[in-house]
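So the structure is just underneath, and the comments pick up after that.
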Amino acid sequence: MTATKQPYSLAELMICAASEAFRDDGEVLATGIGVLQRLAASLAMLNTNAELMMTDSEAFMVAEPVPLGPRGDYRPRFDSWMGFSRIFDNVWSGKRHALVGPVQVDRYGQANISCVGDHARPKSQMLGVRGFPGNSISHANSFLVPNHSPRVFVEGEVDLVSSVGYNPARLARGWSLDDIDIRLIVTDLCVLDFLGPDRQVRIRSLHPGVEADEVQAATGFPLHIPAAIPTTAAPTLEQLILIQQLDPHNLRAAQLKDNPPGVRAPHCTTA
């Protein structure tokens, strides 16, 4: 079969890379908080892990991910009820994997979604910690960051620790670092994980055209940089078709500041 060149956007590359976080999860509730995050979780359900569970973001379990934006004639396929109280049962049982978009992340994987600056007089006020503390100690989490910079990957600790990371100084009594489960961090430059020495943040893969030095310069703390770093896998034609079905109104195109509609990443090769 002759290989062909299939163009893809940076947003689509990130969606596919983030979907890999759910590949080996089996039957857990996949929760994507944000446009790219939700598309990544939905793609995983359709492409790499058919056992994933997903809600309609309201009160029902769905047999297939619900497309973003106006639905037209589409009608969700409901499997069962998943009200708020059942969500908490699911969270506390550990049978959930959330893909979230923090405002700040530090070397420990501690995330901030609450405020920037001093808590008493913040420069910017966001959501508050919400369910981050309980989520981060109860089940697996991954992050998607659309703008990799030292403002996000900060030197020192985040301004307000909203979620637990691999910081022994902040562990609750009776907990160990082995109880923390942060899988992947997907950014517009690379994919990171915590598999470096002593759980140091490691460059797992680099997006096409990105160098390790560029990633380190955009990060406020030292990264583990392996001798050989693979290139982030390009989306397949099947994945691109599924993303288009999940996001028929192309809401993904507006999620990256430096990737306006029409700007494309390097071509991928599909069979």
Side-chain angles (χ1 to χ4, degrees), residues 14 18 21 31-38 40-41 57 84-85 87-88 90-92 94 96-190 192-194 196 198-202 215-223 254-258:
M14 292 174 65
T31 304
I33 303 175
V35 170
L36 299 183
Q37 292 90 329
R38 178 169 163 181
S57 298
F84 207 49
S85 62
I87 290 286
F88 281 112
N90 185 271
V91 167
W92 294 328
R96 186 192 192 209
H97 185 167
L99 177 61
V100 297
V103 175
Q104 293 178 327
V105 182
D106 61 28
R107 70 187 65 211
Y108 305 110
Q110 296 173 147
N112 176 20
I113 61 168
S114 183
C115 68
V116 174
D118 181 69
H119 184 259
R121 298 179 64 86
K123 297 176 183 177
S124 299
Q125 180 70 50
M126 276 79 72
L127 296 172
V129 299
R130 309 288 291 185
F132 258 35
N135 293 347
S136 61
I137 202 69
S138 297
H139 58 70
N141 292 272
S142 294
F143 303 148
L144 189 149
V145 176
N147 184 20
H148 193 135
S149 76
R151 294 181 62 183
V152 178
F153 293 95
V154 298
E155 182 181 5
E157 280 194 305
V158 294
D159 290 346
L160 194 147
V161 177
S162 302
S163 67
V164 178
Y166 297 106
N167 183 358
R170 288 193 178 273
L171 280 179
R173 182 180 301 172
W175 292 88
S176 74
L177 295 180
D178 292 335
D179 295 312
I180 312 303
D181 190 2
I182 307 174
R183 302 282 177 82
L184 298 181
I185 305 177
V186 178
T187 82
D188 56 338
L189 297 180
C190 64
L192 306 167
D193 60 28
F194 289 83
D198 298 321
R199 296 185 173 88
Q200 183 181 12
V201 180
R202 178 187 73 156
V215 176
Q216 181 59 82
T219 307
F221 49 83
L223 298 169
Q255 301 306 303
L256 301 176
K257 294 179 180 178
D258 297 325

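In this pair, Phe221 and Phe153 present their aromatic rings perpendicular. The plane angle is above 60°, beyond the 30 to 60° band.
The main-chain N or O of Pro222 is found under 3.5 Å from a side-chain atom of Gln200 such that the two form a donor-acceptor pair. Remark: the backbone N or O of Val116 is not paired with any side-chain donor or acceptor of Ser124 at under 3.5 angstrom. Distance alone, capped at 3.5 Å, is enough to place a donor-acceptor pair between the Ser136 side chain and the Val164 backbone. A donor-acceptor pair under 3.5 Å is absent between the side-chain atoms of Asp106 and the main chain of Val154, judged by distance alone.
For Asn90, the side chain to side chain donor-acceptor pair (under 3.5 Å) test picks out no residue, with sequence neighbours left out. Residues that satisfy the side chain to side chain donor-acceptor pair (under 3.5 Å) test with Asn135, not counting sequence neighbours, are Arg96. Shown here are the salt bridge (charged side-chain N to carboxylate O under 4.0 Å, His left out) partners of Arg199, two or more places apart in sequence or in another chain: Asp178. Scanning for salt bridge (charged side-chain N to carboxylate O under 4.0 Å, His left out) contacts around Arg130 gives an empty result, with sequence neighbours left out. Considering only residues two or more places apart in sequence or on other chains, Ala18 meets the side chain to side chain contact (heavy atoms under 4.5 Å, CB included) condition with Ala40, Leu99, Leu144, Val186. In terms of the side chain to side chain donor-acceptor pair (under 3.5 Å) criterion, residue partners of Arg183 (sequence neighbours excluded) are, by chain and number, Asp25, Asp181.
Side chains of Val100 and Gln37 form no contact here, defined as non-hydrogen atoms less than 4.5 Å apart. Residues Leu256 and Met14 meet the side-chain proximity criterion, which asks for heavy atoms closer than 4.5 Å. Two residues are said to be in side-chain contact when any heavy atoms from C-beta on lie closer than 4.5 Å; Ile137 and Ile180 meet this criterion. Residues Asp188 and Val145 have side chains not in contact (no heavy-atom distance under 4.5 Å, counting atoms from C-beta outward).
When all heavy atoms of Gln104 and Arg151 are compared, the pair lying nearest together is CG-O, 3.8 Å. In this structure, Leu189 and Ala218 approach most closely via the heavy-atom pair CD1-CB, 4.1 Å. The two residues Gly156 and Arg107 come nearest to each other via the heavy atoms N-NH2, 4.0 Å. Scanning all heavy atoms of the two residues, the minimum distance from Gln125 to Cys115 falls at OE1-CB, 4.0 Å. Here the closest heavy-atom approach between residue Ser142 and residue Ala21 is recorded as OG-CB, 3.6 Å. Among all heavy-atom pairs drawn from Gly109 and Phe194, the shortest one is CA-CZ, 3.5 Å.
Distance check: Cys190 SG to Arg202 CZ gives 11.5 Å after rounding to the nearest 0.5 Å. One distance of note links CG of Leu177 with OH of Tyr108; it measures 10.5 Å at 0.5 Å rounding. One finds the CD1 atom of Ile33 at 12.0 Å from the CZ atom of Arg38 (value rounded to the nearest 0.5 Å). A distance of 8.0 Å separates CE in Met126 from CG in Asp159, rounded to the nearest 0.5 Å. Note that CG of Asn141 is 11.0 Å distant from CD1 of Ile185, once rounded to the nearest 0.5 Å.
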Let me see the working for Leu192 and His148 under side chain to side chain contact (heavy atoms under 4.5 Å, CB included), right down to the final yes or no. CA-CA 11 Å; Leu192 306 167; His148 193 135; 4.1 Å; yes
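Residue Asp198 qualifies as open at atom CG: its count of foreign heavy atoms under 6.0 Å is 12 or below.
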